[in-house]
Amino acid sequence: MHHPIEPEDLAPLLGRAADWLRHARRVAVLTGAGVSAESGVSTFRDNGGLWEKHRVEDVATPSAFRRDPALVWRFYNARRANLRAVKPNPGHFALAELERHLGPGRFTLITQNVDRLHQAAGSRNVLELHGDLLRVRCTGCGRVEDRGLGPLDDLPCCAECGELLRPNVVWFEEPLPPGVWEAAEAATAASDAFLVVGTSAVVYPAAGLIDTARAAGARVIEANVERTPASQLAHVGLYGRSGEVLPQLVRRVVAGEPPA
Ligand code: BV8
Ligand code: ZN
């Protein structure tokens with residue numbers, strides 16, 4: 001564990017990162033569970049990434065769903081229930097403000113999170129790489145429905161064809177939603193400033209976007225409470241809680257001269 005950076009250490013780094021964001025033609029942001037952690041949503045690798053003694057990687061898979069759909073639905077229904085009491089935090093609102101400040105066409109938010117808190121905070125151009133917890137998909141006819149966060153049966157079935165529903169999230173070993181992944185790659189390759197926040201940068205292909213940003217010559221800014229595999233690819237590391245660092249960063253972007 002590294003020593004926590006004192007706020008005064010952060011100021012020059014925030015200033016540099018804010019300059020890059022303010023002068024960027026296009027900004028892309030990649031967020032992970034650390035952004036929602038500030039809202040009380042537990043991350044994937046907290047308590048060793050266990051849920052009811054199961055490794056998340058063992059529950060969020062097609063084979064787990066085939067083997068024990070009731071267990072997998074218990075996992076997702078618990079997370080949906082958790083979300084009912086959860087609100088966006090200052091980090092989510094800061095990213096929404098940054099998007100408004102930079103204006104349309106200059107900002108893309110790419111998230112690994114499935115909690116829709118970015119949209120709830122006002123973010124508009126959001127690419128959900130791993131789906132979302134509010135929608136369900138029929139394993140029979142493929143219908144996708146937004147069921148909000150209301151309670152679902154232990155083994156919910158399709159009203160149309162009667163087959164078992166599944167969460168509309170991307171499980172391990174599943175491909176990312178076609179179109180969404182391509183859009184995320186394109187936005188990253190076109191970015192000249194790339195902000196990666198609150199992700200352990202171990203899940204692919206999402207984490208590969210950081211390499212794509214570097215290869216595109218973008219300035220890479222990492223915000224996290226600790227160093228990650230992304231840290232060696234970042235030009236600047238802002239180590240602190242996203243709910244504090246992001247508002248400080250966006251305040252500096254907005255306070256500076258208007259975007260070029
Ligand atoms: C694919 C949705 C191929 C579900 C998720 C072996 C066999 C098979 C596949 C693989 C394999 N080895 C590697 C792979 C690929 C695999 C992978 O990457 N595995 C990892 C574990 C090694 N990837 C896949 O399987 C992907 N699909 O490869 O398909 C393919 C291609 C074509 C055709 C067929 C197949 C699919 C990956 C998507 C899996 N689904 N989620 C659900 O949510 O239930 S991934 C899951 O992890 C979440 O989406 C989450 O977003 C994601 C990443 O986690 P993080 O967001 O980073 O969260 P984490 O807890 O890890 O870290 C939190 C961070 O926040 C930490 O850094 C912490 O320091 C920081 N933090 C905490 N608090 C704060 C903070 N920062 C700031 N402020 C704070 N307050
Ligand atoms: Zn159906």
Side-chain angles (χ1 to χ4, degrees), residues 1-2 4 30-51 54-65 72-73 75-80 82-83 89-92 94 110-117 128-134 136-145 156-178 180-181 195-210 222-231 237-247 249:
M1 191 61 180
H2 71 294
L30 174 65
T31 64
V35 174
S36 294
E38 305 270 309
S39 294
V41 181
S42 66
T43 66
F44 281 80
R45 288 158 187 92
D46 282 343
N47 52 51
L50 290 182
W51 171 79
H54 295 278
R55 275 168 21 94
V56 169
E57 282 81 9
D58 297 337
V59 177
T61 64
S63 45
F65 191 65
V72 174
W73 265 114
F75 175 54
Y76 284 95
N77 274 329
R79 289 169 63 195
R80 287 165 51 88
N82 275 341
L83 273 189
N89 67 69
H92 291 110
I110 302 158
T111 189
Q112 300 171 88
N113 301 338
V114 293
D115 54 35
R116 295 232 135 151
L117 289 176
E128 291 175 318
L129 293 183
H130 297 156
D132 73 280
L133 282 177
L134 284 72
V136 294
R137 184 167 82 235
C138 178
T139 57
C141 66
R143 254 166 72 91
V144 174
E145 251 188 319
C157 289
C158 176
E160 293 295 308
C161 74
E163 288 298 325
L164 189 57
L165 298 176
R166 60 163 281 174
N168 191 49
V169 299
V170 177
W171 283 328
F172 288 99
E173 299 133 47
E174 290 191 318
L176 271 56
V180 176
W181 172 245
L195 173 60
V196 46
V197 194
T199 182
S200 57
V202 294
V203 172
Y204 282 80
L209 291 173
I210 307 160
E222 179 180 36
N224 200 307
V225 289
E226 61 187 16
R227 277 158 181 71
T228 71
S231 306
L238 306 173
Y239 295 107
R241 303 171 67 85
S242 54
E244 288 149 23
V245 168
L246 289 176
L249 177 63

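Indexing begins at 1, ligand by ligand and atom by atom, following the structure's order.
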>> Does the structure place the NZ or CZ of R166 under 6.0 Å from the centre of the six-membered ring of W73, at an angle of no more than 45° from the ring's axis?
In response: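 Output no; distance or angle outside limits.
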>> Is the terminal nitrogen or CZ of R80 (NZ for Lys, CZ for Arg) located under 6.0 angstrom from the six-membered ring centre of Y76 and within 45° of that ring's axis?
In response: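 No, R80 and Y76 do not form such a contact.
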Students should be able to answer this: which protein heavy-atom is nearest to [atom], and at what distance?
atom                    : result
atom 63 (C) of ligand 1 : G198 O, 3.8 Å
atom 54 (O) of ligand 1 : R45 NH1, 3.0 Å
atom 74 (C) of ligand 1 : G34 O, 3.6 Å
atom 49 (O) of ligand 1 : H130 ND1, 2.8 Å
atom 2 (C) of ligand 1  : V170 O, 3.1 Å
atom 67 (O) of ligand 1 : N224 ND2, 2.9 Å
atom 60 (O) of ligand 1 : F44 N, 2.7 Å
atom 43 (O) of ligand 1 : R79 NH2, 3.0 Å

How long is the straight-line distance from [atom2] of [Y] back to [atom1] of [X], given to the nearest 0.5 Å?
X    : Y    : atom1 : atom2 : value
C158 : L165 : SG    : CG    : 6.0 Å
L246 : E38  : CG    : CD    : 8.5 Å
L176 : Y204 : CG    : OH    : 13.5 Å
R116 : L133 : CZ    : CG    : 10.0 Å
T111 : H92  : OG1   : NE2   : 7.5 Å
L134 : E145 : CG    : CD    : 12.5 Å

Which bit of [X] is near ligand 1, meaning a heavy atom under 4.0 Å away: side chain, backbone, both or neither?
X    : value
A37  : side chain
V114 : side chain
E173 : both
V202 : backbone

>> By the definition side chain to side chain contact (heavy atoms under 4.5 Å, CB included), identify the one residue from L238, T228, T199, L30 that meets it with E222.
In response: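 Of L238, T228, T199, L30, side chain to side chain contact (heavy atoms under 4.5 Å, CB included) with E222 is met by T228 alone.
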Using distance alone, determine whether [X] and ligand 1 share an N or O pair under 3.5 Å.
X    : answer
A33  : yes
Q112 : yes
E38  : yes

Under the 3.5 angstrom rule, does the side chain of [X] hit a backbone N or O of [Y] as a donor-acceptor pair?
X    : Y    : value
T61  : A64  : yes
N113 : D115 : no
N89  : V35  : yes

Flag: protein heavy atom within less than 4.0 Å of [atom]:
atom                    : value
atom 35 (C) of ligand 1 : yes
atom 51 (O) of ligand 1 : yes
atom 10 (C) of ligand 1 : no
atom 77 (C) of ligand 1 : yes

> Does CZ in R79 sit with more than 12 non-hydrogen atoms of other residues, nucleotides or ligands closer than 6.0 Å?
Replying inline: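 Yes, enclosed.
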For [atom], the option (of [options]) bearing the nearest heavy atom:
atom                    : options                : result
atom 28 (O) of ligand 1 : F172, W181, Y204, W171 : Y204
atom 47 (O) of ligand 1 : V203, V72, D115        : V203
atom 29 (O) of ligand 1 : R241, E226, E174       : E174
atom 30 (C) of ligand 1 : P175, A223, S242       : P175

>> Quick check on contacts: which atoms of ligand 1 are under 4.0 angstrom from a heavy atom of Y76?
In response: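 It comes down to these atoms of ligand 1: 4 (C), 42 (C), 44 (O).
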>> If the cut-off is 4.0 Å to any non-hydrogen atom of G32, which atoms of ligand 1 fall inside it?
In response: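 Result: 56 (O).
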>> Once side-chain hydrogen bond (donor to acceptor under 3.5 Å, both in side chains) is applied, do any residues pair with N168, and if so which ones, sequence neighbours excluded?
In response: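 Expected list: R137.
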